[in-house]
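Worksheet: the structure to be examined is printed underneath.
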Amino acid sequence: MSRIGAKDTKPELLLRSMLFRDGFRFRLHRKDLPGKPDITLTKYSTVIFVHGCFWHYHSDCREGRIPDTNSKFWKEKLSKNVERDQKRQQELLEMGWNVVVVWECEVERMAKGNIQEYNGVLSKIKANIST
């Protein structure tokens, strides 16, 4: 587990590339914000978290499930991750930031050329942008 990277994951790089291509400019992994958001659109007071489906227990995805081996450990660990995510997102909302969560499976579908998926993610981001 120590070799699992927290920054610059493939889904994050793909989303950043797509956002940059669409004219968004952003900051990465701001340490002064709770949870160190993956992408910060400062101009729009919006933060984006790119969550891995397994590590953040995505319930709508086949990857977001508890492994059969050592399931008690994994259930506890992944539940703590979800609790921490919710706490950090609430802190950001209280600070006046808009929070968008993009799942790894969404980015993977976008990378495979699913234009509708990309438009859905883009509209999710734009819906949270306050100008």
Side-chain angles (χ1 to χ4, degrees):
M1 285 191 296
S2 65
R3 293 185 184 220
I4 304 295
K7 295 180 183 179
D8 300 329
T9 61
K10 190 178 284 188
E12 185 183 331
L13 292 173
L14 283 167
L15 182 62
R16 287 179 359 204
S17 173
M18 292 175 190
L19 289 173
F20 192 85
R21 196 173 335 132
D22 278 347
F24 290 97
R25 299 301 177 256
F26 45 81
R27 297 285 167 253
L28 303 175
H29 312 290
R30 284 189 45 185
K31 293 180 177 105
D32 61 326
L33 294 175
K36 292 188 233 170
D38 298 313
I39 300 169
T40 306
L41 302 170
T42 308
K43 179 178 178 180
Y44 305 108
S45 298
T46 300
V47 297
I48 302 170
F49 289 97
V50 182
H51 282 343
C53 293
F54 174 74
W55 294 105
H56 298 272
Y57 201 35
H58 187 202
S59 60
D60 297 337
C61 178
R62 66 179 175 83
E63 296 295 327
R65 57 182 162 62
I66 304 291
D68 294 331
T69 306
N70 205 4
S71 57
K72 182 182 177 195
F73 165 79
W74 285 109
K75 186 171 181 78
E76 190 176 305
K77 177 167 182 51
L78 297 176
S79 296
K80 285 181 186 176
N81 287 355
V82 171
E83 286 176 30
R84 185 182 60 242
D85 291 342
Q86 291 171 344
K87 181 180 175 195
R88 298 296 182 246
Q89 290 172 21
Q90 187 59 40
E91 290 172 4
L92 286 162
L93 289 171
E94 290 170 3
M95 293 171 67
W97 289 91
N98 300 307
V99 179
V100 178
V101 175
V102 178
W103 292 97
E104 176 184 17
C105 60
E106 292 175 312
V107 177
E108 286 175 0
R109 286 191 296 264
M110 287 187 298
K112 291 180 182 173
N114 189 334
I115 301 300
Q116 293 168 331
E117 190 73 44
Y118 179 62
N119 289 337
V121 170
L122 199 57
S123 64
K124 185 164 55 168
I125 292 168
K126 286 182 177 180
N128 282 286
I129 290 177
S130 60
T131 53

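The model shown is predicted, which means the values in this text are computed figures rather than measured ones.
- Atom NE2 of H29 sits about 9.0 Å away from atom OG1 of T40, to the nearest 0.5 Å.
- Among the candidates L41, V47, T46, the single residue satisfying the side chain to side chain contact (heavy atoms under 4.5 Å, CB included) test with W97 is V47.
- Between C53 and C105, the shortest heavy-atom contact is SG-N, 3.4 Å.
- Going from atom OG1 of T42 over to atom CZ of R25 covers 13.0 Å, rounded to the nearest 0.5 Å.
- Using a 4.5 Å cut-off between side-chain heavy atoms of Ile, Leu, Val, Met, Phe, Trp and Tyr, with links allowed through other members, V107 and W103 fall into different hydrophobic clusters.
- Side chains of R88 and E91 form a contact here, defined as non-hydrogen atoms less than 4.5 Å apart.
- With hydrophobic clusters built from ILVMFWY side chains whose heavy atoms lie under 4.5 angstrom apart, L93 shares a cluster with L33.
- Screening residues 46-65 for salt bridge (Lys or Arg N to Asp or Glu O under 4.0 Å), with sequence neighbours left out, gives no hits.
- The pair R109-E106 fails the salt-bridge criterion, with no side-chain N (NZ, NE, NH1 or NH2) lying under 4.0 Å from an Asp/Glu carboxylate O.
- Both F73 and W55 are assigned to one and the same hydrophobic cluster, defined by single-linkage of ILVMFWY side chains at heavy-atom distances under 4.5 Å.
- Q89 pairs by the side chain to side chain contact (heavy atoms under 4.5 Å, CB included) definition with F49, H51, D85, V99, V101, not counting sequence neighbours.
- Note on M95: it does not cluster hydrophobically with V100, by side-chain heavy-atom contacts below 4.5 Å among ILVMFWY residues.
- With values rounded to the nearest 0.5 angstrom, R16 atom CZ is found 4.5 Å from L28 atom CG.
- Aromatic ring pairs are classed by plane angle as parallel below 30°, tilted from 30° to 60° and perpendicular above 60°; the pair F20 and F26 is perpendicular.
- Between I66 and Y57, some side-chain heavy-atom pair lies under the 4.5 Å cut-off.
- Residues H56 and V82 form no side-chain contact, since every pair of their non-hydrogen atoms from C-beta on lies 4.5 Å or further apart.
- For N70, the CG atom sits in a packed shell: over 12 heavy atoms of surrounding residues, nucleotides or ligands are nearer than 6.0 Å.
- What you find for G96 and S45 is that their closest heavy atoms are O-CB, 4.1 Å.
- Using modelled atom types, one side-chain atom of S79 and one backbone atom of K75 make a donor-acceptor pair closer than 3.5 Å.
- In terms of heavy atoms, V50 sits closest to D38 at N-OD2, 2.6 Å.
- K87 and E83 are not joined by a salt bridge, as no carboxylate oxygen comes within less than 4.0 angstrom of a charged side-chain nitrogen.
- Rounding to the nearest 0.5 Å gives a distance of 12.5 Å between OH of Y44 and CG of N98.
- The side chain to side chain contact (heavy atoms under 4.5 Å, CB included) test applied to D32 returns R30, not counting sequence neighbours.
- Comment: K72 does not engage E76 in a salt bridge, judged by the lack of any side-chain N to carboxylate O separation of less than 4.0 angstrom.
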